[in-house]
There are 2 protein chains.
Amino acid sequence: MRGVSNLNMASGEGGAESGRPATIDDVAALAGVARASVSRALNDQANVSAKMRERVLRAAEALNYRANPQARSLASRASKALALINCPALDAEPNSYYFAALELGALRAAAIAGFELSTLNVDANDPRRGEKVIELFESGRTAGVILPPPLSDDAALAATLVERGYPAVCISPSDAVRALLPGAGFDEQAAGKQIAERVLAKGHSRLGYLLGIEGHFSAEKRFAGFLEALAEAGLDPDAVTVLRGDFSFRSGVELGQAMLDGAERPTALICANDDMAVGALFAAHRRHLVIPDDISIVGFDDAPISGRIWPPLTTVHQPIRRIAASALDQLVEIVLRGQPPRPRFETIGYHLVERESLAPPRD
Amino acid sequence: MRGVSNLNMASGEGGAESGRPATIDDVAALAGVARASVSRALNDQANVSAKMRERVLRAAEALNYRANPQARSLASRASKALALINCPALDAEPNSYYFAALELGALRAAAIAGFELSTLNVDANDPRRGEKVIELFESGRTAGVILPPPLSDDAALAATLVERGYPAVCISPSDAVRALLPGAGFDEQAAGKQIAERVLAKGHSRLGYLLGIEGHFSAEKRFAGFLEALAEAGLDPDAVTVLRGDFSFRSGVELGQAMLDGAERPTALICANDDMAVGALFAAHRRHLVIPDDISIVGFDDAPISGRIWPPLTTVHQPIRRIAASALDQLVEIVLRGQPPRPRFETIGYHLVERESLAPPRD
DNA sequence: CGATCGACTGGAAGCGCTTCCAATTTGCTA
DNA sequence: TAGCAAATTGGAAGCGCTTCCAGTCGATCG
């Protein structure tokens with residue numbers, strides 16, 4: 001038994017002669033240089049000769065050396081704890097796909113960067129929600145935060161963060177916040193316009209729109225894009241039935257119902273996100289309507305569910321995980337460099353996903 | 001500006017007199033004891049007087065002291081890196097709800113326990129998949145692994161792990177593995193029986209069953225429970241149309257189609273998981289069948305989608321996140337104690353979720 | 001050609017914690 | 001009350017890494 005184990009070890013998996021992973025000192029010894037030089041070479045800092053770098057790299061390679069993130073962050077005094085704030089509305093779904101995807105994307109990027117990422121839940125309706133974020137920094141344990149909506153629309157919070165020099169990166173921030181803090185997202189307005197154009201191109205003119213939470217920047221932008229498309233098509237925005245929801249499946253069901261029961265039922269319903277679109281679809285099914293014959297429904301996000309329901313949803317693919325990863329990478333860079341966050345915005349690509357919930361109107 | 005910031009700091013958020021978090025030395029100084037004593041008291045080790053513990057605790061409390069996990073794990077030489085193995089079949093869906101939930105549940109528990117958790121992707125069809133897990137340990141970076149299906153059915157791997165003393169905990173392991181390694185899951189067979197009974201109670205007798213991946217223990221147990229219910233009801237198992245899928249939505253669509261097009265279409269279709277059930281539902285919709293009038297469909301897992309599709313799915317709620325968290329907690333305990341993993345199995349509760357995809361047969 | 005400067009490099013001091021080991025105290029026994 | 005083991009406590013040595021500081025060395029300048 002032991003023999004087998006040793007055999008495997010001898011086969012040269014790990015680093016040093018023992019089975020334990022190689023340390024920086026092992027690399028230094030093999031390369032015949034000082035520990036400090038290894039550190040410098042590996043973190044490609046200035047003042048390292050090409051020869052030195054080469055030797056160190058080769059030794060590290062030979063030993064299969066991987067720096068111990070614990071020791072590294074301890075030594076560099078960086079409290080490498082990052083936080084992702086989850087700030088749902090009280091009445092929203094408990095575990096929306098949106099936040100789960102955000103969390104997973106950020107978590108993976110954090111693992112790669114060697115940072116810890118914790119999640120802080122803050123009630124969106126709490127008036128002190130901003131202070132809770134600030135407290136995170138003041139307690140000294142947090143080096144930076146990722147702010148998803150609706151916190152990424154909170155200009156006052158952003159201003160405070162900037163003023164005190166606390167690193168923060170936003171997910172889909174509003175224009176006001178975007179001027180203050182870096183962020184990641186995609187062009188919501190262009191996407192909103194594009195899907196609206198697609199609907200219009202099918203020949204729909206009696207439209208319904210399910211808005212997201214009031215003041216939610218992404219949702220407003222999507223709607224602005226919709227309005228833009230409407231204007232370009234020469235359609236009257238007042239003729240559109242607009243209802244305000246809160247991004248949840250439940251609100252989609254309720255508002256979808258209202259929309260269907262209304263005097264003048266639209267032939268196409270555009271929803272600010274997929275959850276609501278799925279809810280509207282649910283409501284339509286309950287009314288025994290046939291989609292897209294009786295009514296077309298489109299969403300926004302391309303949540304996994306959208307391709308599995310019947311009929312599969314035409315929507316805009318939003319790469320949430322990549323956005324979260326981008327935000328985290330930016331945050332890491334800021335924390336590492338110690339520079340105040342410059343308001344850079346990383347735009348991630350999106351694309352329209354055409355499925356079967358959108359078709360020309362019946363008449 | 002600075003004034004505001006200082007004011008907040010003075011208001012006593014953090015620990016030491018400066019804004020930085022309190023260290024163990026701050027606590028030791030305040031309590032007037034040695035650093036070592038603080039460490040012992042806080043980790044409630046033996047040989048600490050009640051008085052000492054009291055003093056330390058009070059000082060730590062006063063300073064709002066929280067141990068630095070980096071330093072702790074560095075000093076304790078514990079490579080606190082745990083790994084969750086993702087071992088999907090080549091042709092399965094890329095990001096199934098199941099694994100995402102597993103990951104999130106484990107990730108959160110890991111954060112609480114102060115452990116790092118990384119994810120390793122291994123191809124289920126790779127004959128060397130077991131070795132990859134072993135290598136994780138041999139490289140010296142991993143202290144323990146969580147093995148979800150199908151790895152939790154791999155008795156050879158489990159035996160190797162036990163033999164070498166590598167900590168591992170399984171998700172829904174097979175009986176053979178359960179005898180070797182600790183694990184967490186729920187009583188699949190009882191659940192499988194329960195949902196089958198529910199179907200039978202509605203009056204169905206022409207049944208279809210969509211199996212999961214061959215040899216997948218959970219799936220087999222669910223089927224065994226189904227068979228049990230059948231036997232108790234005095235029904236002939238041979239009269240059931242049984243098709244084998246792979247847990248994916250796509251296989252659900254394909255097999256659902258086959259099932260519906262078959263000579264003798266069942267009045268109720270039982271699926272080994274929700275993804276396949278949703279796929280079958282999708283196929284039924286495409287055939288313009290009405291559910292549950294034309295055919296009842298039930299699933300297994302209670303994935304979020306199950307309550308949002310039409311009609312909402314009758315299924316068994318499987319608390320994946322709690323199972324993952326339980327597995328991680330067990331793993332942490334094993335790693336911390338350094339004891340060989342005893343084969344303890346933690347059973348998490350499940351419950352039947354009755355929705356609208358199950359109804360009496362039409363005839 | 002010697003002083004000066006800059007680019008590199010090595011030595012050493014910790015980061016905050018655990019843990020081994022020695023020193024001290026305590027609780028009893030004789 | 002002396003004497004000894006057990007219980008407790010303090011001191012100190014690192015864990016693996018970064019980083020400050022001082023030294024080395026070759027090249028440049030007057």
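Throughout, a chain's letter reflects where its sequence line sits, starting with A, and its residues are numbered from 1. These numbers come from a predicted model, not from an experiment.
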Please list, chain by chain and in numerical order, all residues satisfying salt bridge (Lys or Arg N to Asp or Glu O under 4.0 Å) with [X], sequence neighbours excluded.
X      : value
B:R322 : none
B:R108 : A:E103
A:R129 : A:D154
B:R128 : B:E131, B:E135

[X] [atom1] - [N] [atom2] separation (whole Å):
X     : N      : atom1 : atom2 : answer
B:R72 : D:dG16 : CZ    : C1'   : 18 Å
B:L42 : C:dT18 : CG    : C1'   : 12 Å
B:I24 : D:dG11 : CD1   : P     : 14 Å
B:Q45 : D:dA7  : CD    : P     : 16 Å

Study note, to complete from the structure: Sorted by chain and number, sequence neighbours left out, side chain to side chain contact (heavy atoms under 4.5 Å, CB included) with B:A71 holds for A:L74, B:N68
For nucleotides 26-28 of chain C, which of its nitrogen or oxygen atoms have a protein nitrogen or oxygen under 3.5 Å away, and what is each distance?
none

Review point. What distance separates A:I320 CD1 from A:I171 CD1, expressed to the nearest 0.5 Å?
Key: 9.5 Å
**Study point:** Sequence neighbours excluded, every pair satisfying salt bridge (Lys or Arg N to Asp or Glu O under 4.0 Å) that has a member inside residues 42-53 of chain A
**Key:** none
Check your understanding: In B/S/- notation, 5' to 3', how is nucleotides 6-15 of chain C contacted by protein heavy atoms closer than 4.0 Å?
Key -> -SSBBB-BBB
**Study point:** With A:N47 via side-chain hydrogen bond (donor to acceptor under 3.5 Å, both in side chains) - residues at least two apart
**Key:** none
